[in-house]
Amino acid sequence: QVQLVESGGGLVQTGGSLRLSCAASGRTFSTYIMGWFRQAPGKEREFVAAISRGSYSTYYTDSVKGRFTVPRDNAKNTVNLQMNSLKPEDTAVYYCAALRFGATSQAMRVMGSYDYWGQGTQVTVSS
């Protein structure tokens, strides 16, 4: 089992940057596919980004491509979400999640594929 703790959320102006961090407990972090999701008020939780175990592949939802990156450091048991050129529509609670077994790129975009979740961190982008 793995426990996930997000940090780094806050208030930022349009066009600004934030880096979210997700720290994982346990010694098997490198065996998990890691994902980031977000949930805006009144909306369903949606996929943002994912990264494979060895950082060979990354996946992004179209609305964040070119603005967000999702680096991980298996030695430190962390995965980050670097968010640049932020927009008001990026305002949401952001969650990191861990997926134990193999998954297709399509499955990585689905909430139900993930086994463990963090508590979330609020990101607010002011216009």
Looking only at atom types and distance, does a side-chain atom of [X] sit under 3.5 Å from a main-chain N or O of [Y], one as donor and one as acceptor?
X: Gln39; Y: Ala92; result: no
X: Arg109; Y: Tyr60; result: yes
X: Arg72; Y: Ser52; result: yes
X: Ser30; Y: Asn74; result: no

Met108 versus Ser113: any side-chain heavy-atom pair under 4.5 Å?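 Contact flag for Met108/Ser113 side chains = no.
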Considering all heavy atoms, the nearest [X]-[Y] contact:
X: Ala98; Y: Tyr32; answer: CB-CD2, 3.7 Å
X: Cys22; Y: Asn80; answer: N-OD1, 4.3 Å
X: Val5; Y: Gln119; answer: CA-OE1, 3.7 Å
X: Ala49; Y: Leu81; answer: CB-CD1, 4.2 Å

Spatial distance of atom CD (Gln13) from atom OG (Ser127) [nearest 0.5 Å]: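 Separation between the atoms: 9.5 Å.
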What's the verdict on side-chain contact (heavy atoms from CB on, under 4.5 Å) for Asn77 and Arg27, showing C-alpha distance, side-chain angles and the deciding distance? CA-CA 8 Å; Asn77 282 16; Arg27 293 178 287 182; over 6 Å; no
Give me the ring orientation class for Phe37 and Tyr114: parallel if the planes are under 30° apart, tilted from 30 to 60°, perpendicular past 60°.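 Phe37 vs Tyr114 ring planes: perpendicular.
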Show, in sequence, the C-alpha distance, side-chain angles and deciding distance for Ile33 and Phe101, and conclude whether the side-chain contact (heavy atoms from CB on, under 4.5 Å) test is met. CA-CA 8 Å; Ile33 293 168; Phe101 301 116; over 6 Å; no
When you look at Thr78 and Ser21, which way does the side-chain contact (heavy atoms from CB on, under 4.5 Å) test go after all the steps? CA-CA 7 Å; Thr78 60; Ser21 293; 5.9 Å; no
Are the charged groups of Lys65 and Asp62 less than 4.0 angstrom apart, N to O? yes
Would Tyr94 and Glu6 count as a side-chain contact (heavy atoms from CB on, under 4.5 Å) if you check the C-alpha gap in whole Å, the side-chain angles of each, and the deciding distance to 0.1 Å? CA-CA 8 Å; Tyr94 284 72; Glu6 302 98 333; over 6 Å; no
Only counting residues at least two apart or in another chain, list the ones meeting ring-ring contact (aromatic ring centres under 6.0 Å, His included) with Phe29. none
Which pairs count as salt bridge (Lys or Arg N to Asp or Glu O under 4.0 Å) when at least one residue sits in residues 45-56, sequence neighbours excluded?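 Counting only pairs at least two positions apart or across chains, the salt bridge (Lys or Arg N to Asp or Glu O under 4.0 Å) contacts touching residues 45-56 are Arg38-Glu46.
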Quick check on side chain to side chain contact (heavy atoms under 4.5 Å, CB included): which of Tyr95, Trp117, Phe47 does Met111 satisfy it with?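 Testing Met111 for a side chain to side chain contact (heavy atoms under 4.5 Å, CB included) against Tyr95, Trp117, Phe47 leaves exactly one candidate, Trp117.
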Should we say atom CD of Gln3 is surrounded by more than 12 heavy atoms from elsewhere, each under 6.0 Å from it? no
